[in-house]
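Data block below; observations after.
Only heavy atoms go into these numbers, but all of them, side chains included; no hydrogens, no water, no symmetry mates. Every number for a ligand or one of its atoms is a count from 1 in the order of the listing.
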Amino acid sequence: MATHYKALGFVNTREMFKKAGGGGYAIPAYNFNNLEQIQAVINGCGESRSPVILQVSSGARKYADQTMLRYMAEGAVQMAKNKGYDIPIALHLDHGDTFELCVSCIESGFSSVMIDGSHHPYEENVALTRKVVEYAHEFDVTVEGELGVLAGIEDDVVAAKSIYTQPDEVEDFVTRTGVDSLAISIGTSHGAFKFKPEQCTKNEDGVLVPPPLRFDILEEIEKRIPGFPIVLHGASSVLPQYVELINNNGGELQAAVGIPAEQLRKAAKSAVCKINIDSDGRLVVTGMIRKVFNEKPAEFDPRKYLGPARDELQKVIIDKNTHVLGSAGKA
Ligand code: G3H
Ligand code: 13P
Ligand code: ZN
C-alpha cells in the first residue's frame, strides 16, 4: 500500500531551495546506506540546525534492502523529534534511472526524486524527465533532473570539456520538463579520484590542487534561468586528513583529489541550492575503522569501531554545514 511522505514527517525540497536560494547557502544532501551513516547525518544536521536531504541511491536500496532503508529514514525523523531537533528532512532518490524506480520510491514515501536522464540523447532526457515530473507532482513530490554528464576519471580533459552542461539547453529543458531543480556539470565528478594528478598543481604542502570549477558556465546558466535551484553532484572535498588517516593505517589511496572547500562555498553562495556528498563520508568512516583495527587488533565488537566512525562523521557534517555549505542555523 502506498504511503505519502507527509504522513512520515518528511518535506519536499521546494521550500528548502527557495530559502537557500535567497539566503546564499546550499542544502546538504548526504547519502546513507547503513545505521551509523544515517545517525551521523541526523545528529550532525540536528546539532548544527541544518535542513537536510537524506539521499538514497539504487545501490543503497539493494545493499540495505529498500524496505529496511525506508523504515530507517522514517525512524530517523522520529529520532530527530525525540532529540528535539526541529529540522526539515527530505527523503530523496539519488540518480533514479527509470520511471518505475521513481514511482516505487514515491509510493514508499520519498518526498523527492532525481530522474537522471543525462546519459540519454537530449529529447529522450526531456521525455523521461517530463513523465516522472507529471507523476511526481500529483503527489507534491519534487523532481531533480540533470543536463550534462559528470566527468569520470577515465575521461581525458578534451572529453570532459564536451560534457559540461550547455547553457543554451537549460531554459528549454526546465520549461518543457517542469523539473523543480537541475543538476549540472561544471567540473565536478563522483568518487575520490576526481582529477588526474597531471590536471593538478601542487601547493607548498605538496597537496594536489585541482583546476577550478567552471563558474563561467554556472553564470551563463544563471542568466538563462534566474533563481532556478541548481544542484551540484560529485561535490566531496576528499578531505586530505582522512585520505592520510586511511593511508597511515594500511590503506592505499594514491592521488585522491576532490573539490576544495572554498570552491564549494562560492557555489553555495550562488544559484547552487543542493550539494551532494557521499565520498567524504565513506573516507571518514573507512579511516576511523582502519585506525581502530590498527591500534586495537584484538577488538571485535562492531560498536567499538563503527561508533567512533559514526561520531567522527557527525563532526565532519557539522563542520561542512557550518563552514562550507552555510546551512547551519538555517533550519
Ligand atoms: O552518485 C553516486 C553516489 O555516490 C551513490 O553511490 O551508487 O555507490 O551508492 P552508489
Ligand atoms: P561524491 O562522490 O563527490 O561524494 O558525490 C556524491 C554524489 O554526487 C551523489 O549523487
Ligand atoms: Zn551524484
Fill in: Heteroatom proximity flag, Asp280 to ligand 2, N/O under 3.5 Å
no
Item to complete: Any atoms of ligand 2 less than 4.0 Å from a non-hydrogen atom of Ile277? List them with their elements.
Response: 4 (O)
Worksheet item: Within the structure, does Asn31 bring an N/O atom to less than 3.5 angstrom of an N/O atom in ligand 2?
Response: no
Worksheet entry | Non-hydrogen atoms of Tyr164 and Ile186 that approach each other most closely | CE2-C, 3.8 Å
Item to complete: If you have a sec, work out which protein heavy atom is nearest atom 2 (O) of ligand 2 and how many Å separate them, to one decimal?
Response: Ser279 OG, 2.7 Å
Worksheet item: Quick one: does Ser111's side chain get under 4.5 Å of Val141's, heavy atoms only?
Response: no
Worksheet item: What residue and atom, counting heavy atoms only, is the protein's closest point to atom 8 (O) of ligand 2, and at what distance?
Response: Gly234 N, 2.8 Å
Practice prompt. Can you sort out which atoms of ligand 1 are near Asp94, meaning under 4.0 Å from one of its heavy atoms?
Written response: 1 (O), 3 (C)
Fill in: Salt-bridge criterion met for Arg49 and Asp86 (N-O under 4.0 Å)
no
Fill in: Donor-acceptor side-chain pairing of Ser57 and Asp94 below 3.5 angstrom
no
Discussion item. Would you say the ring centers of His190 and His95 fall short of 6.0 Å from each other?
Written reply: yes
Discussion item. With a heavy-atom distance limit of 4.0 Å, tell me whether His233 approaches ligand 1 through its side chain, its backbone, both, or neither.
Written reply: neither
Worksheet item: Which residue owns the protein heavy atom closest to atom 6 (O) of ligand 1, what's the atom, and how far is it?
Response: Arg282 NH2, 3.2 Å
Discussion item. Measuring only between side-chain heavy atoms, which start at C-beta, is Asp140 closer than 4.5 Å to Arg14?
Written reply: yes
Practice prompt. Using only heavy-atom distances, determine whether the side chains of Ser48 and Thr322 contain a donor-acceptor pair under 3.5 Å.
Written response: no
Item to complete: Could you list which atoms of ligand 2 come closer than 4.0 Å to a heavy atom of His95?
Response: 10 (O)
Item to complete: Report the angle formed at the Zn ion (ligand 3) by atom NE2 of His190 and atom NE2 of His95, rounding to the nearest 10°.
Response: 100°
Worksheet item: Between Tyr30 and Asp280, is a side chain to side chain donor-acceptor pair (under 3.5 Å) present by the stated rule, with each step listed?
Response: CA-CA 10 Å; Tyr30 294 112; Asp280 276 341; over 6 Å; no
Discussion item. Is there a polar contact between ligand 1 and His190, counting only N or O atoms under 3.5 Å apart?
Written reply: yes
Worksheet item: Of all the N, O or S atoms in His233, which one sits nearest to the Zn ion (ligand 3)?
Response: ND1
Worksheet, complete the sentence: Nearest non-hydrogen contact to atom 3 (O) of ligand 2 from the set Lys194, His233, His190 belongs to Lys194
Item to complete: Calculate, to the nearest 0.5 Å, the distance between atoms CZ and NZ belonging to Phe293 and Lys304 respectively.
Response: 13.0 Å
Worksheet item: When only distance counts, is Ala235 in polar contact with ligand 2, meaning an N/O pair under 3.5 Å?
Response: yes
Worksheet item: Do you see a donor-acceptor pair shorter than 3.5 Å between the side chains of Thr177 and Thr129?
Response: no
Item to complete: With atom 5 (C) of ligand 1 as the reference point, say which of Asp278, Asn276, Leu150 has the nearest heavy atom.
Response: Asp278
Worksheet item: Among protein heavy atoms, which sits nearest to atom 9 (O) of ligand 1, and what does the distance come to when rounded to 0.1 Å?
Response: Ser57 OG, 2.6 Å
Practice prompt. Please report the C-alpha distance between Arg265 and Glu262 in whole Å, then the side-chain angles of each, then the deciding distance to 0.1 Å, and finally whether the salt bridge (Lys or Arg N to Asp or Glu O under 4.0 Å) criterion is met.
Written response: CA-CA 5 Å; Arg265 187 74 207 97; Glu262 319 80 66; over 6 Å; no
Worksheet item: For atom 9 (C) of ligand 2, which protein heavy atom lies nearest, and how many Å away is it?
Response: Asp94 OD2, 3.1 Å
